[in-house]
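A short worksheet on the structure shown next.
We're numbering straight along the sequence, starting at 1.
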Amino acid sequence: MSEQNILLKMKNITKRFGKVTALKDVNLEVKEGEVHALVGENGAGKSTLMNVLSGIYPYGSYEGDIIFDQETCRFNKIHDSESKGIVIIHQELALVPYLSIAENMFLGNERTSALSNGVVDWPRTYQRAKELLDLVGLDEDPRTLIKDIGVGKQQLVEIAKAIAKNVRLLILDEPTASLNETDSQKLLDLIAKFRDQGMTSIIISHKLNEISYIANSITVVRDGSTIETMDNSNHDISEDRIIAGMVGRALSDRFPKRKPEHKISDDVLLEVNNWTVHHPLNTERKVNDNVSIKIHRGEVVGFAGLMGAGRTEFAKSLFGRSYGTKISGDVKINGNPVKLNSVTDAINAGLAYVTEDRKGDGLVLENPIAHNMTLANLEALSKYLVLDKDLEGATAKKLKVDLNVKCASVDQNVGNLSGGNQQKVLLAKWIFAHPDVLILDEPTRGIDVGAKYEIYCLINKLVEAGKAVLVISSELPEVLGMCDRIYVMNEGRIVAEMPRAEASQESIMAAILRTSGKKQNLESK
């Protein structure tokens, strides 16, 4: 490989956190004008390596060298790397909800003029913002508040923000984790477009089909070390080949099979009829319209649909009215009518909800693993309203083993765990509540293929033990691979129901598009 073609070299990077070695002699070479994928299991060191590169971990806190555009660099803060044209977009977007698109794009990089004495030149700011939005294909007014646009559009704002900093190397950490397939494809095509125009990108993703599609080179990181770099210039590296590098072995079946003797019962564990939910602010708008579903004991049911279809709103409104206040409909659990007016009511009735936002709503990141694991059922560990700390610790240790949570101790803060292990802690929290029905909202978002497999095995164990599981997922292969029956939701309504044997990605998308078309035809009349 010609040195002139190499934009970035990271040589013998070693990074330690106390006694833990997160990176050990990692080497990475990225060619100019390519999309270079960085893959590995959660905790493999991918994000740590990119934090070293971007200056989040300053020079002196690690060993090794960063050579960018044939110059040895010593970054002490993000501003240092950005001044060279290295810009990182994290999985948790760094946007301020109550500032406008334009204000976010130029925050810390304000547009001023020679005559303004450092005061923001707003006409110039909005004009440049509009130019950058056009460049990334986002048709929005730069004055629109970030809170008023969807996650897919927010990703495009982040890219426009990076371009405003004269980016040469764009680092994207799980850029499509929160996007549906349509928005994901648009974003990947945009990255490919900028690659063809000469921009270099490093992409971290657990969506291996996207890696195969977009990446020219693929570097595998495992246990803090670089394992190999594969040439994918012909886009012929298979997902199975990538997995073998990530986990150190072939993974023959992405979705584990249940025991042959497992049967789905005729008993209906959860029945919801005519469930209608209005938006909490715009109460005239229905986010769920007359939704009716049934889930049997021992059954995994999937909820498929595009982002904004109303699946999460359904789950949260059902789980103790955690979404919306104007709600109507009937619920039965184990054949008994129940009123779920609070989260406590839902838990006591045998219903649990694993949120899609594990960091924001699911876990207390600054608290220990043990506390997070037992939080939903403290009564089981208390006597006379006093928590038995020894019993809490013993319970957490058992859950740690049962769910294979990789951590030094259950006294460790959960915020220090990898995404996959955080997800296992969140699952442990709700399993310890001993629910009959478990709703899993995007249960494998942003986690690696090995952790996904473990969670799939856990789902199978739950239904084999007689529980019922509702899986909400934007990944259609996951819905098709794990669910016995699938409901398709679009625009707040159930538009199709199909057994797994009759379901396919094409039939699910056809149901969505068919019903969307009907609504558009009605509105045009």
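For D223, the CG atom is loosely surrounded, since the number of other residues' heavy atoms within 6.0 Å does not exceed 12. The number of heavy atoms from other shown groups lying within 6.0 Å of NE2 (H79) does not exceed 12. Within a 6.0 Å sphere centred on NZ of K359, other residues, nucleotides and ligands contribute 12 heavy atoms or fewer.
Between W430 and F319, the distance separating the two ring centers is shorter than 6.0 angstrom. Note: Y57 and Y62 fail the aromatic proximity criterion, with ring centroids not under 6.0 Å apart. In summary, the aromatic rings of Y487 and F314 are positioned with their centroids too far apart to meet the 6.0 Å limit.
A side-chain contact (heavy atoms from CB on, under 4.5 Å) with L188 is found for exactly one of E210, K207, K193, namely E210.
A salt bridge does not link D173 with K46: none of the charged nitrogens is closer than 4.0 Å to a carboxylate oxygen. Looking at E103 and R143, no side-chain N of the basic residue comes within less than 4.0 Å of a carboxylate O on the acidic one, giving no salt bridge.
T144 and D141 share no side-chain donor-acceptor pair at under 3.5 Å. With 3.5 Å as the limit, one finds a donor-acceptor pair spanning the side chains of S474 and E442. T229 and T219 share a side-chain donor-acceptor pair at under 3.5 Å. Side chains of S217 and D231: a donor-acceptor N/O pair is absent below 3.5 angstrom, by distance only.
When all heavy atoms of L417 and Q412 are compared, the closest pair comes out as CD2-NE2, 3.6 Å. Shortest non-hydrogen contact noted between R222 and A44 is CA-CB, 4.2 Å.
Geometrically, K9 does not engage F68 in a cation-pi contact defined by less than 6.0 Å to the ring centre and at most 45° from the axis.
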